[in-house]
Every structure is written in C-alpha cells, then in structure tokens.
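Just so we're on the same page: letters track the sequence lines, and every chain starts at 1.
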4 protein chains.
Amino acid sequence: MSGINKVILVGHLGKDPEVRHLDGGVTVASFPLATSETYNKDGKRVEQTEWHNIVLWRGLAEVASKYLQKGKLVYIEGKLRTRSFEDREKVKKYVTEVVAENFTILGRKSDFEPPVSTENTTPKSESEYTDVTDPSGDLPF
Amino acid sequence: MSGINKVILVGHLGKDPEVRHLDGGVTVASFPLATSETYNKDGKRVEQTEWHNIVLWRGLAEVASKYLQKGKLVYIEGKLRTRSFEDREKVKKYVTEVVAENFTILGRKSDFEPPVSTENTTPKSESEYTDVTDPSGDLPF
Amino acid sequence: MSGINKVILVGHLGKDPEVRHLDGGVTVASFPLATSETYNKDGKRVEQTEWHNIVLWRGLAEVASKYLQKGKLVYIEGKLRTRSFEDREKVKKYVTEVVAENFTILGRKSDFEPPVSTENTTPKSESEYTDVTDPSGDLPF
Amino acid sequence: MSGINKVILVGHLGKDPEVRHLDGGVTVASFPLATSETYNKDGKRVEQTEWHNIVLWRGLAEVASKYLQKGKLVYIEGKLRTRSFEDREKVKKYVTEVVAENFTILGRKSDFEPPVSTENTTPKSESEYTDVTDPSGDLPF
DNA sequence: TTTT
DNA sequence: TTTT
C-alpha cells in the first residue's frame with residue numbers, strides 16, 4: 001500500500017565515497033555521514049553525533065564519487081532500507097542504510113569543484129558554478 | 001555542527017505498541033511500522049515492504065499506547081538513531097530506530113478512537129475526522 | 001546556489017483536478033488541497049484549515065486527472081513557486097503554488113480506482129491497497 | 001482532519017530579519033529567503049531563484065533577530081499559511097508565508113556568531129560553538 | 001533581495 | 001569517521 005519512506009539529512013562526510021562496480025556495470029557508492037546535534041545539559045553544551053550509512057546507485061554514485069569528499073557538507077534525500085548479510089562467522093546481521101535519491105552540496109564555491117590532483121585548472125567563470133542536485137538531469141559533466 | 005536528521009514515514013503498524021515504564025517513571029513505547037512501495041518489474045506489480053522500528057518517549061509514548069493499534073495508518077516524523085546492545089550471547093549488535101517526534105493518525109474517524117473493549121459503538125459517519133498530531137500539546141483526552 | 005525548496009502535504013482535495021492542455025501538448029492539472037490542523041483553545045477543539053494550490057505537469061497531471069477526485073486523501077511532495085499574473089483589471093497579482101513532484105493516494109483500495117461512471121462495484125476487502133507513487137515510473141495504467 | 005503541512009527550505013536570507021513587537025509583547029520576525037536551483041537549458045547553466053516570506057514568532061523570532069543576518073545560509077522547517085490583507089487602496093490581497101517552526105544555521109563557524117557591532121570580542125573556545133535549532137529548548141543565550 |  |  002501507499003507508504004512513504006523518506007529521509008532528509010544535512011551533515012558532513014566522514015570519509016571519501018567508496019565506489020564499487022558490480023557485475024553488469026552498475027556503480028554503487030557509499031560513505032558515512034555525520035549529523036550532529038548540540039543541546040544544553042546542566043548548563044553545558046553537549047554535542048551528539050549520529051552516523052548514517054549512505055548508499056548511492058548508478059548515475060548518482062558516479063556524481064557522488066566525483067563531487068563529494070570527506071568533510072564536505074551535503075543535503076541528502078533518500079529512503080531507509082534495512083538489509084541482512086552474513087558476517088565472516090556466518091552470523092546473520094542487519095544494517096540500516098539510507099539509499100540516496102538525490103543530494104546537494106552545501107557550502108562555499110570551492111566545495112563545488114572536484115579536488116584538483118595536479119596542475120592547471122583554467123579559471124572558472126562565475127557561471128560555471130555547479131549544482132549536483134538531481135543528477136538524473138542534464139548535468140554538464 | 002548544525003546537522004539535520006529527519007525521517008518522514010507513512011505506514012501501518014505491524015503490532016500494537018509495546019509500552020514500558022523505566023525507572024524514574026519515564027514511559028517508552030515501540031512498534032514496528034511497515035512502509036510499502038509498489039513498482040513494475042517486467043510488467044508485473046511488485047510490492048516491497050520496509051519495516052521500521054519506531055520508538056516514542058514520554059508523553060508521545062502515552063498517546064501512542066492509547067491511540068495506535070496494529071493495522072492503523074500513521075504519519076510519523078522523527079529522527080534516526082543507531083544504538084548498540086549485547087544480545088544473549090554477549091555479542092555486540094546494532095539496531096537503527098526511528099525516534100518519533102510527532103505522529104498523526106491517517107484514516108477514518110473510527111481509527112481515531114481507542115479500541116472499545118466491550119460492546120456498542122454507534123455508527124460514525126465517514127466524514128468526521130479527528131487529529132492527534134503534536135500530542136505534546138493540549139489534546140482533549 | 002544549492003538551495004532546497006521542498007513541501008510535504010497530506011490533505012484532501014477540495015475539488016476534482018482541473019486539466020488543461022497547453023499549446024504544444026503539455027498537460028497541466030490543478031486542484032485545491034486542504035490540510036487541517038486541530039488544536040485546543042480554551043478547552044475547545046478548534047480546527048484550522050489551510051488551502052493550497054496544487055499544480056501538476058505532464059505525466060503527473062495525466063495520472064492525477066485519472067486517479068484523484070474531490071475528497072480523496074493524498075500525500076503530495078513538491079516545491080513552492082510564486083508567480084505573478086494580471087487579473088481582469090490588469091492589476092499585477094501574485095499567487096503561491098505547490099508544484100507537485102510526486103503524490104501518493106492514502107486510504108482504502110476503493111480510493112485507488114478511477115470513479116466508476118455506472119453501477120455496481122463489488123465490495124472490496126479493507127486490506128487490499130494499491131500505490132500510485134512516482135507515476136513517472138512504469139505504472140500499469 | 002489529520003493533515004500534514006510541512007515546508008523544508010535551505011537558502012540565503014535576502015535581508016536582515018525585521019523584528020516587530022506586537023501589543024501584548026509578542027515578538028514577530030520576518031525576512032525573505034532565496035532558494036536557488038540550477039539546471040541545464042540547451043547546454044547552458046540557468047539559475048532560478050525562488051523567494052519565500054519567512055515569519056517567526058515569539059522565542060524563535062528573538063533568536064532569529066540575534067543570529068540571522070542577510071546572506072546567511074539556513075535550514076528552515078515550517079508550515080504554509082496564506083493570509084489576506086487590504087493594501088493601501090483597500091484591495092483585498094493574499095500572501096503565502098512560511099511560518100518557521102525551527103531553523104538551523106548552516107555554514108562556517110563565523111556564521112554562528114552574532115555580528116560584532118563594536119570592538120572587543122574575547123576569543124571563543126571551540127566548545128562555545130552555537131547551535132540555534134529548536135530554541136524552545138535551553139539555549140545558552 | 002541572497003548565494004555559488 | 002565529519003563539522004562547528
């Protein structure tokens with residue numbers, strides 16, 4: 001039946017995305033995302049961090065691997081999925097992940113460029129600024 | 001830092017809420033919630049159901065225990081929290097839960113009444129509805 | 001820059017969708033949606049209803065025109081858009097609309113069928129549901 | 001009936017909040033918020049900005065007036081409300097606003113401090129970092 | 001009227 | 001394992 005399963009997160013990547021190419025050519029990317037919350041306890045600031053397993057598929061995984069790196073601040077929209085797997089001792093375990101449906105980088109302009117590994121990047125015009133939301137669209141990369 | 005951790009679900013309760021009273025008088029309620037999604041696979045309808053562990057605290061737990069029962073359709077807003085615990089064999093395990101921050105019953109008026117343990121309920125007209133959103137407020141019950 | 005503009009509504013249609021076909025063959029549908037909230041004021045139940053202008057484009061408009069009717073309960077996800085227009089007296093006016101990006105009918109199975117123009121519908125069991133979320137997909141109708 | 005009316009925005013303030021104190025001592029703050037979206041049109045980047053009227057009440061208004069300024073990036077959660085008013089020519093008009101229910105500043109640390117009007121701010125320790133989400137809580141200011 |  |  002008509003259910004809704006929606007997750008909205010804003011947080012920082014704990015690691016660079018890890019990309020895998022499955023048989024059949026499907027790309028999957030994943031990374032941990034931290035969402036922190038601060039509140040007052042007995043007059044002291046307390047920060048509580050929650051870690052989320054983010055998984056991205058296909059085109060979204062490709063874009064993520066290119067534009068997201070450890071430390072970046074992102075808005076992520078997706079859905080919850082709990083799956084089971086067997087660990088090395090053949091014990092059945094469960095893990096809950098957030099399957100991303102789209103994401104947007106938040107932050108300064110420099111955060112919107114892929115990291116430069118070497119030399120030479122020709123200066124960017126103001127208008128080349130990149131948005132990576134909804135990569136199913138017609139992104140210029 | 002200022003993160004966002006938000007979950008929005010619409011689904012059916014898989015069981016009646018289970019209520020516990022902790023030391024100190026705090027009430028906790030929990031129940032499984034199913035959100036189903038249907039899609040087409042090779043021309044056939046496929047339904048995929050995702051189960052979520054819902055946890056409610058204090059006043060929200062009290063209201064849930066009174067107004068929610070197995071099978072009811074609810075809108076739930078909350079946040080993700082993953083916690084660890086030891087199972088009977090002292091193995092550390094993780095479970096991800098949705099800590100509800102508010103909920104609203106969706107459906108017909110009859111769904112908004114606590115179940116009647118005895119006889120006699122006069123028939124209700126389809127069109128009358130009641131709301132139980134934001135139970136931290138001043139609900140008339 | 002990377003902004004987020006998201007609206008989530010659950011409410012009842014105030015009218016049947018009004019469908020228009022623009023030059024070029026694009027379909028647009030629109031309808032008013034009521035979201036009601038009840039709260040306590042001085043010990044009395046007060047219900048406050050908010051009306052939203054919902055607009056749907058293309059395939060989503062087609063599905064809406066077929067499956068949504070006055071009175072139905074729907075979940076709608078979309079974005080805000082304020083546009084200006086001139087009224088009959090050539091006065092510039094503004095209206096804010098919710099441009100739907102997807103929707104899901106909530107309710108019983110009978111609510112998931114297009115209205116029957118003639119007689120006879122055999123009673124449906126309560127437990128059967130159908131989903132029309134994400135109509136951009138491969139709905140079987 | 002049980003409706004949901006929820007808006008989620010991430011965008012930049014177009015102006016400093018404008019604060020008013022109503023009779024009875026209630027504080028109201030308001031400001032325009034821009035959410036921008038970029039997409040490809042015929043191979044060119046196009047940016048489309050949507051402007052939202054944000055309104056905040058009571059404690060939330062106080063916190064907003066202190067911590068939000070023109071240009072800052074914020075996450076805002078609230079609900080839609082359309083109200084009517086008479087303009088100077090006694091013409092009835094409508095405006096749709098987003099009544100904020102909570103907000104969170106996104107951005108760098110410097111964005112989390114109220115602007116310094118004069119001299120002297122003693123250095124802040126790392127832990128004095130401020131979150132302004134859910135100001136109904138126990139904020140340290 | 002914002003930001004990238 | 002992130003960020004402020």
Side-chain angles (χ1 to χ4, degrees), chain A residues 9-18 30-39 45-54 67-76 104-114 123-133 140, chain B residues 1-5 82 94, chain C residues 1-5 82 94, chain D residues 9-18 30-39 45-54 67-76 104-114 123-133 140:
Chain A
L9 304 173
V10 175
H12 292 91
L13 279 82
K15 294 184 184 170
D16 285 354
E18 189 180 310
S30 60
F31 55 82
L33 186 86
T35 58
S36 304
E37 185 180 6
T38 39
Y39 57 91
R45 293 261 82 192
V46 179
E47 174 168 305
Q48 192 171 337
T49 297
E50 188 68 34
W51 286 96
H52 311 272
N53 304 306
I54 311 295
Y67 288 90
L68 298 183
Q69 292 85 31
K70 178 175 173 173
K72 281 201 176 162
L73 182 65
V74 283
Y75 168 95
I76 292 179
T104 300
I105 303 180
L106 302 173
R108 282 142 302 144
K109 183 173 169 46
S110 58
D111 293 340
F112 293 85
E113 290 158 358
K124 303 284 180 297
S125 83
E126 180 83 339
S127 61
E128 285 183 69
Y129 159 81
T130 22
D131 181 4
V132 297
T133 307
Chain B
M1 179 269 171
S2 57
I4 301 300
N5 173 358
T82 299
Y94 295 87
Chain C
M1 179 270 172
S2 57
I4 301 299
N5 174 358
T82 299
Y94 294 88
Chain D
L9 305 172
V10 175
H12 291 91
L13 279 81
K15 294 184 184 170
D16 284 354
E18 189 181 308
S30 61
F31 56 81
L33 187 86
T35 58
S36 305
E37 187 179 5
T38 40
Y39 58 92
R45 294 261 83 192
V46 179
E47 174 169 305
Q48 193 172 337
T49 296
E50 188 67 37
W51 287 96
H52 311 272
N53 304 305
I54 311 295
Y67 288 89
L68 297 183
Q69 292 86 31
K70 178 175 174 172
K72 281 200 177 165
L73 180 66
V74 283
Y75 168 95
I76 292 180
T104 299
I105 303 178
L106 302 173
R108 281 142 302 144
K109 183 173 169 47
S110 58
D111 293 340
F112 293 84
E113 291 158 0
K124 303 286 182 297
S125 82
E126 180 81 340
S127 61
E128 285 183 68
Y129 159 80
T130 22
D131 180 4
V132 297
T133 308

For C/N5 and E/dT3, give me the distance from atom CG to atom C1', rounded to whole Å. 15 Å
Heavy atoms from C-beta onward define the side chain here; which of E/dT3, F/dT1, F/dT3 lies closest to that of A/K15? F/dT1
Grab the CD-P distance between A/E50 and F/dT2 for me, whole Å please. 16 Å
Output the rounded distance in Å from CZ (D/R45) to P (E/dT3). 20 Å
What's the CG-P distance between A/L73 and F/dT3, to the nearest Å? 11 Å
Distance in angstrom units between C/I4 CD1 and E/dT2 P, rounded: 21 Å
Selection from F/dT1, E/dT1, F/dT2 that lies nearest to any side-chain heavy atom of A/P32: F/dT1
Please report the distance, rounded to the nearest Å, between CG in D/D16 and P in E/dT1. 14 Å
Look only at the side chain of D/E50 and the backbone of C/T82, and say whether a donor-acceptor pair between them is shorter than 3.5 Å. yes
Grab the CZ-C1' distance between A/F31 and F/dT2 for me, whole Å please. 11 Å
Which nucleotide wins on minimum distance to the side chain of D/K70, given the candidates F/dT3, E/dT1, F/dT1? E/dT1
Kindly indicate, with the supporting measurements, whether the criterion side-chain contact (heavy atoms from CB on, under 4.5 Å) is fulfilled by A/L73 and A/I105. CA-CA 6 Å; A/L73 182 65; A/I105 303 180; over 6 Å; no
Would the distance check show the side chain of D/D16 and the main-chain N or O of D/Q69 forming a donor-acceptor pair, the cut-off being under 3.5 Å? no
Quick one: which of E/dT2, F/dT3, F/dT1 gets closest to the side chain of D/E47? E/dT2
What's the NZ-P distance between D/K72 and E/dT3, to the nearest Å? 12 Å
Treating D/K72 as the side-chain partner and D/Y67 as the backbone partner, does any N or O pair qualify as donor plus acceptor under 3.5 Å? yes
